[in-house]
Peer 1: 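Next up is a structure, given as structure tokens.
We count ligands from 1, going down the list as the structure has it; atoms in each ligand are counted the same way. Nothing here was measured: the structure is a model prediction, and the numbers come from that model.
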Amino acid sequence: MTSVRKEIPARTFKVQYSSYRQYKEPLRRDFNKRCGYCDDIDHHCNGKKGYHIDHFRPKNSFPELSRDYSNLVYSCPYCNGGKGADWPAGNSPETFIGDEGYIDPCLSTYDNHFARSDDGSIKPLTKLGQYIFKKLNLGLRRHKLICMLEILEGLLKQIGIALENNKDYDLLNKQSAVIREYLLLQEHFRATL
Ligand SMILES: [Zn+2]
């Protein structure tokens with residue numbers, strides 16, 4: 001088991017815009033092209049076009065925060081759709097009450113509630129984690145497949161660099177095995193779309 005996310009995003013953008021939609025590019029940069037909740041990289045979902053801007057505190061209940069950059073999260077459509085307007089904390093300054101509610105993905109404490117299994121799947125570690133996991137559908141197969149595709153992409157890159165420097169048959173065999181596994185996973189991934 002490892003941390004669910006590769007790094008904790010940080011909102012660094014300071015310019016103010018009149019529409020929250022204008023924040024998509026800076027959000028994408030600040031969130032390293034990844035969904036704040038599930039960590040999926042956006043290139044498996046048509047990049048910036050396919051990703052959403054989530055209002056952490058929902059805009060229906062908190063219209064005054066709808067253009068507040070500190071309330072925005074770069075999100076895949078699956079997590080954003082699952083969360084919707086759900087906000088169990090009501091008007092409380094806390095973002096969760098007991099075991100129900102959410103944690104801002106820019107806080108390091110978000111990662112205390114989840115882990116990543118060796119097969120790429122996300123596991124909730126706490127009751128609050130279970131609440132978020134269920135609402136956001138973090139058990140969707142695509143999250144696990146995207147994580148594994150990324151690991152294989154990293155391996156292929158490393159092998160490619162090693163092969164350039166050193167023509168080695170063992171490495172060539174490893175490269176062929178990784179490519180086969182990668183193509184198979186891609187097939188499974190396409191079946192989930
Ligand atoms: Zn997501």
Peer 1: In Å, rounded to the nearest 0.5 Å, how long is the span from CZ of R142 to OH of Y78?
Peer 2: 4.0 Å
Peer 1: Have a look at F56 and tell me which of F96, W87, Y74 forms a ring pair (Phe, Tyr, Trp, His ring centres under 6.0 Å) with it.
Peer 2: W87
Peer 1: Above 12 or not: heavy atoms from other molecules or residues under 6.0 Å from NZ of K24?
Peer 2: yes
Peer 1: Report yes or no: do Y131 and D86 form a side-chain donor-acceptor pair below 3.5 Å?
Peer 2: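 Note: Y131 and D86 side chains meet the donor-acceptor criterion.
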Peer 1: Pull up every protein N/O/S atom sitting under 2.8 Å from the Zn ion (ligand 1), skipping waters.
Peer 2: C35 SG, C38 SG, C76 SG, C79 SG
Peer 1: Share the residues that join I97 in a hydrophobic cluster, the rule being Ile, Leu, Val, Met, Phe, Trp or Tyr side chains under 4.5 Å apart at the heavy-atom level.
Peer 2: none
Peer 1: Could you check whether T126 and H113, counting side-chain N and O atoms only, form a donor-acceptor pair closer than 3.5 Å?
Peer 2: yes
